[in-house]
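All values below were derived from every heavy atom in this structure, side-chain atoms included, with hydrogens, water molecules and symmetry-related copies excluded.
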Amino acid sequence: MRLWPFTVPGIPDELFAKGTVPMTKAEVRCLVLSQARLSRHHCIWDVGSGTGSVSVEAALLAPEGRVFAVERDPSATDLTRENLIRFGVENATLIHDEAPGCLRELPPADRVILSGTGGRQREILAALCSLINTPFRVVAVTVTADGVGRFLEVFEESGYRNIQATMVTIARSEPVGPVKLWRGLNPVTIISAERGGET
């Protein structure tokens, strides 16, 4: 039996190998993938894959497509590899390299998920415009207020359209003695945008 035999996103966090690398939590993952508007055949770039949780779920949602998980950090690359294997994902390719330089070697993306940019939003978003000549959709994730401002500025300067930012605050119930209290997760902002025609 597959580790996640369902057709919806939201794999529980505890099913992934984690280590010390930050991971996009299950609830946020669902929203990111929803904003990406994936089809079964899409080519997807997950830049800054971290633990690979988004890459795994994207690959499961696009079984006839391809996912390219791009990660520069060696420990994160190892976790992405481990999780791709753990979930039996065969339509994903792990690339241990730095964006945007390595992106020019990839087939054009229909969807780009920016799970992490290392502060290189401007360079990466500009590279996407020059590397992809067909319509595509971008979904960026940031946990800092500064990151939101930078993304919005660069999206607008680079001629992206339908720019939408959504800040998400999630709390989970946790037992504390005889009762359950809400434990808040860090707020996350999800920013989506498009280039070209209909995506």
Side-chain angles (χ1 to χ4, degrees), residues 1-38 44-62 67 69-89 92 94 111-121 137-152 155 163-193:
M1 181 177 174
R2 290 173 57 186
L3 194 56
W4 186 248
F6 308 106
T7 57
V8 296
I11 298 173
D13 297 342
E14 60 268 20
L15 294 184
F16 289 97
K18 289 187 283 293
T20 59
V21 176
M23 182 177 71
T24 304
K25 300 299 187 290
E27 297 88 347
V28 176
R29 239 179 290 129
C30 288
L31 295 170
V32 168
L33 294 164
S34 174
Q35 287 291 328
R37 301 177 185 172
L38 303 182
I44 304 151
W45 298 353
D46 180 19
V47 179
S49 61
T51 63
S53 62
V54 171
S55 293
V56 166
E57 298 233 38
L60 293 174
L61 291 170
V67 173
V70 178
E71 178 55 61
R72 65 178 181 174
D73 179 76
S75 58
T77 301
D78 289 342
L79 281 171
T80 294
R81 181 181 297 107
E82 182 176 348
N83 282 315
L84 293 176
I85 294 170
R86 177 177 289 205
F87 285 89
V89 172
L94 174 59
R111 300 292 185 264
V112 179
I113 299 173
L114 300 179
S115 297
T117 62
R120 305 187 70 185
Q121 295 97 328
R137 184 172 177 83
V138 181
V139 179
V141 183
T142 181
V143 296
T144 69
D146 292 341
V148 175
R150 283 196 296 269
F151 269 119
L152 291 175
F155 272 130
I163 303 167
Q164 177 68 51
T166 304
M167 189 178 78
V168 180
T169 303
I170 293 168
R172 293 174 174 172
S173 63
E174 288 187 5
V176 178
V179 299
K180 290 184 178 179
L181 298 179
W182 294 110
R183 186 79 66 194
L185 304 178
N186 287 333
V188 176
T189 301
I190 303 166
I191 306 168
S192 60

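Looking only at atom types and distance, the side chain of Thr80 has a donor-acceptor partner in the side chain of Ser49 under 3.5 Å away.
Contacts of Glu82 classified as side chain to side chain contact (heavy atoms under 4.5 Å, CB included), with partners at least two apart in sequence or in another chain: Ala17, Leu79, Arg86. In this structure Asp73 satisfies the side chain to side chain contact (heavy atoms under 4.5 Å, CB included) test together with Glu71, Ser75, Ala76, sequence neighbours excluded. By the side chain to side chain contact (heavy atoms under 4.5 Å, CB included) test, Ala165 is found to be paired with Leu152, Thr189, Ile191, residues two or more places apart in sequence or in another chain being considered. Under the side chain to side chain contact (heavy atoms under 4.5 Å, CB included) criterion, Thr169 pairs with Met167, Pro187, not counting sequence neighbours. Qualifying side chain to side chain donor-acceptor pair (under 3.5 Å) partners for Arg120, counting only residues two or more places apart in sequence or in other chains: Glu98.
With hydrogens and angles ignored, the 3.5 Å screen pairs a side-chain donor or acceptor of Arg111 with a backbone N or O of Ala36. For the pair Arg137 (side chain) and Gln35 (backbone), a donor-acceptor distance under 3.5 Å is present. Checked by atom type and distance alone, the side chain of Asn83 pairs as donor or acceptor with a backbone atom of Thr51 at under 3.5 Å. The backbone N or O of Ile11 lies less than 3.5 Å from a partner atom in the side chain of Arg29, making a donor-acceptor pair.
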Taking it one step at a time, do Leu33 and Val139 satisfy side chain to side chain contact (heavy atoms under 4.5 Å, CB included)? CA-CA 8 Å; Leu33 294 164; Val139 179; over 6 Å; no
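The CD1 atom of Ile170 sits 6.0 Å away from the CG atom of Leu31 when rounded to the nearest 0.5 Å. Distance check: Ser53 OG to Leu15 CG gives 11.5 Å after rounding to the nearest 0.5 Å. To the nearest 0.5 Å, the span separating CG on Leu38 from CD1 on Ile44 amounts to 4.5 Å. Separation of atoms CG (Asn186) and OG1 (Thr144) is listed at 11.5 Å; rounding is to 0.5 Å.
In this structure, Thr117 and Val47 have side chains that are not in contact, with every pair of non-hydrogen atoms separated by 4.5 Å or more. No side-chain heavy atom of Gln121 sits less than 4.5 Å from a side-chain heavy atom of Leu114. No side-chain heavy atom of Thr142 sits under 4.5 Å from any side-chain heavy atom of Val188.
Nearest heavy atom pair, residue Pro12 against residue Trp4, reads CD-CZ3, 3.3 Å.
Applying the side chain to side chain donor-acceptor pair (under 3.5 Å) test to residues at least two apart or on different chains, the pairs with a partner in residues 16-27 are Glu27-Arg172.
Tested against Trp45 for a side chain to side chain contact (heavy atoms under 4.5 Å, CB included), the candidates Val67, Val112, Val70, Val138 yield a single pass: Val112.
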